[in-house]
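Both counts, for ligands and for their atoms, begin at 1 and track the order of listing.
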Amino acid sequence: MSSPKPRWFTDTEPGHSEWYIERFRTMAAEGADLDGEARLIDAMVPRKSRILDAGCGPGRIGGRLHQLGHEVVGVDVDPKLIAAAEQDYPGPHWLVGDLVELDLAAGGEDEPFDAIVCAGNVLVFVAEGTEPRVLSNFARLLKPEGFAAVGFHVNRGLSPDRLDEMAVGAGLRTDIRLATWDVKPWHADADFAVTILRRAD
Ligand SMILES: C[S@@+](CC[C@H](N)C(=O)[O-])C[C@H]1O[C@@H](n2cnc3c(N)ncnc32)[C@H](O)[C@@H]1O
C-alpha cells in the first residue's frame, strides 16, 4: 500500500533537509549535548539490546546507542538524512524507509526489538492520519517485553490524549508519560511529552 507524503516533505521549505543536517553537525562540533534521548533509552534496556531508531534523521540518537554497545537499526524516509547518518555515525544499520509501510525484513532486519525510540517530533512529521499505522508497526516490531519511547511537542496538532487513543487501537498501552527526556514528571502545562508505550498483550 502506498502512503501519503510525510509532512517532513510537504510542510517544509526546499533545502530543509540540508539545513537540518548542518544544524546538528554544528551543534555536535560546538560540543552541544545531543545525547539526552539516548541516555534515557540506555538506562531502560539491558546491555547489547536491539534498538530501532524510528525516524532517525541524521543519526545522533542511534549513533550514540551504538557507541554504548547496542545493536541499532535506524530508519528514515529522507535519503539525505540517512546519507548523513552513514557518514557521521558509522556502525548502525541505517535504512531509508517509511514508518507507515515499515518492511524491515526487506532490509535484512527480521528480528524484533527491545526498544524503539521515536524522538524529535517524528510523529508530528509523518503524513497526517498515518500515525495509527506507524504505531501498529511499532507494536508488530517489539519483543513482548519491549517498549517504544515517543517524544513530541504537544502544540503541533497531536495531543498526548490522542496518542493514547491511537496506541490502544494499535495494540499498545501507555505505560509512563514524562515532560522531558531527563525524566521530569508530566504535568498539564508541559509543552513536550515523552511517552513510553508497551505492547497491550
Ligand atoms: C525533526 S526530525 C527528527 C530526527 C531524529 N529523530 C532526531 O531527533 O534527531 C523528524 C524526522 O522524521 C522523519 N520522518 C517523518 N515522517 C517519516 C516517515 N513516514 N517515515 C520515516 N521517517 C519519517 C523525517 O525524515 C525526519 O528525519
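- Rounded to the nearest 0.5 Å, atoms CZ (R23) and NE2 (H16) are 8.0 Å apart.
- The residues E71 and K48 are annotated as not salt-bridged, no charged nitrogen and carboxylate oxygen being separated by less than 4.0 angstrom.
- From I51, atom CD1 reaches atom CG of D42 across 7.0 Å, with rounding to the nearest 0.5 Å.
- In this structure, Y20 and W8 have perpendicular ring planes: the angle between them is above 60°, well past the 30° mark.
- Without hydrogens or angle criteria, R199 side chain to G171 main chain gives no donor-acceptor distance under 3.5 Å.
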Identify all pairs of nitrogen or oxygen atoms, one from ligand 1 and one from the protein, separated by less than 3.5 Å, and list them with distances.
from     : atom 1 : to   : atom 2 : distance (Å)
ligand 1 : 6 (N)  : G55  : O      : 2.7
ligand 1 : 6 (N)  : A119 : O      : 3.0
ligand 1 : 8 (O)  : R60  : NH2    : 2.7
ligand 1 : 9 (O)  : Y20  : OH     : 3.4
ligand 1 : 9 (O)  : R60  : NE     : 2.8
ligand 1 : 9 (O)  : R60  : NH2    : 3.4
ligand 1 : 19 (N) : D98  : OD1    : 2.8
ligand 1 : 20 (N) : L99  : N      : 2.9
ligand 1 : 22 (N) : V77  : N      : 3.3
ligand 1 : 25 (O) : W8   : NE1    : 3.4
ligand 1 : 25 (O) : D76  : OD1    : 2.5
ligand 1 : 25 (O) : D76  : OD2    : 3.4
ligand 1 : 27 (O) : D76  : OD1    : 3.4
ligand 1 : 27 (O) : D76  : OD2    : 2.6

Check the pair T180 / D182 against side chain to side chain donor-acceptor pair (under 3.5 Å), numbers first and verdict last.
CA-CA 5 Å; T180 63; D182 62 353; 2.5 Å; yes

